[in-house]
Amino acid sequence: MVRKYSVLICMVISVILLAIAILVYPGGSLLDKNSIGFGWSKNFISNLFETKAINGSENPGWIWALIGMAFHSVGYGIIFINMSKKIPSIK
């Protein structure tokens with residue numbers, strides 16, 4: 001059962017961890033260094049992976065973003081492995 005839904009499990013865990021990273025992001029954007037929090041129209045996803053936020057504060061969410069992206073990558077890896085098994089080999 002877990003193997004069947006492993007991609008879905010990885011993606012759900014990834015989204016949850018990235019959401020935590022977004023919620024704890026202290027703030028700052030390219031347009032306004034003093035803004036509070038993460039804004040989808042003002043920040044880039046890559047801002048979540050910095051140890052310091054744009055406003056200069058420590059970013060406690062960088063580890064959540066890093067682990068979330070790791071789960072995302074594992075999920076895609078499982079997809080590619082599963083798809084490669086379905087492609088017939090040419091001999």
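Sequence positions, counted from 1, serve as the residue numbers for this chain.
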Please say yes or no: joined through hydrophobic side-chain contacts below 4.5 Å, possibly via intermediate residues, are [X] and [Y] part of one cluster?
X: M11; Y: V2; answer: no
X: Y76; Y: M83; answer: yes
X: L8; Y: L17; answer: yes
X: I20; Y: L23; answer: no
X: V74; Y: V15; answer: no

Interatomic distance, [X] atom [atom1] to [Y] atom [atom2] [nearest 0.5 angstrom]:
X: E50; Y: Y25; atom1: CD; atom2: OH; result: 8.0 Å
X: S6; Y: I78; atom1: OG; atom2: CD1; result: 4.0 Å
X: M69; Y: L18; atom1: CE; atom2: CG; result: 5.0 Å
X: N34; Y: S29; atom1: CG; atom2: OG; result: 9.5 Å

Exercise for review: Check whether any side-chain N or O of S57 sits under 3.5 Å from a backbone N or O of P26 as a donor-acceptor pair, and report yes or no.
Suggested key: no
Exercise for review: Keeping the roles fixed (side chain from N82, backbone from I79), state whether a donor-acceptor pair exists under 3.5 Å.
Suggested key: no
Practice item. Answer yes or no: are there more than 12 heavy-atom neighbours, outside I45 itself, under 6.0 Å from its atom CD1? Key: yes
Practice item. Please say whether more than 12 non-hydrogen atoms of neighbouring residues, nucleotides or ligands are located less than 6.0 Å from CZ in F71. Key: no
Review point. Does the pair N59 and N47 meet the rule for a side-chain contact (heavy atoms from CB on, under 4.5 Å), with working shown?
Key: CA-CA 9 Å; N59 180 10; N47 294 143; over 6 Å; no
Check your understanding: Can you name the nearest heavy-atom pair linking F44 to F38, along with the distance?
Key -> O-CE1, 3.4 Å
Review point. Going by heavy atoms in the side chains, are N43 and I54 under 4.5 Å from each other?
Key: yes
Review point. Does L48 reach the side chain of W64, with side-chain heavy atoms less than 4.5 Å apart?
Key: no
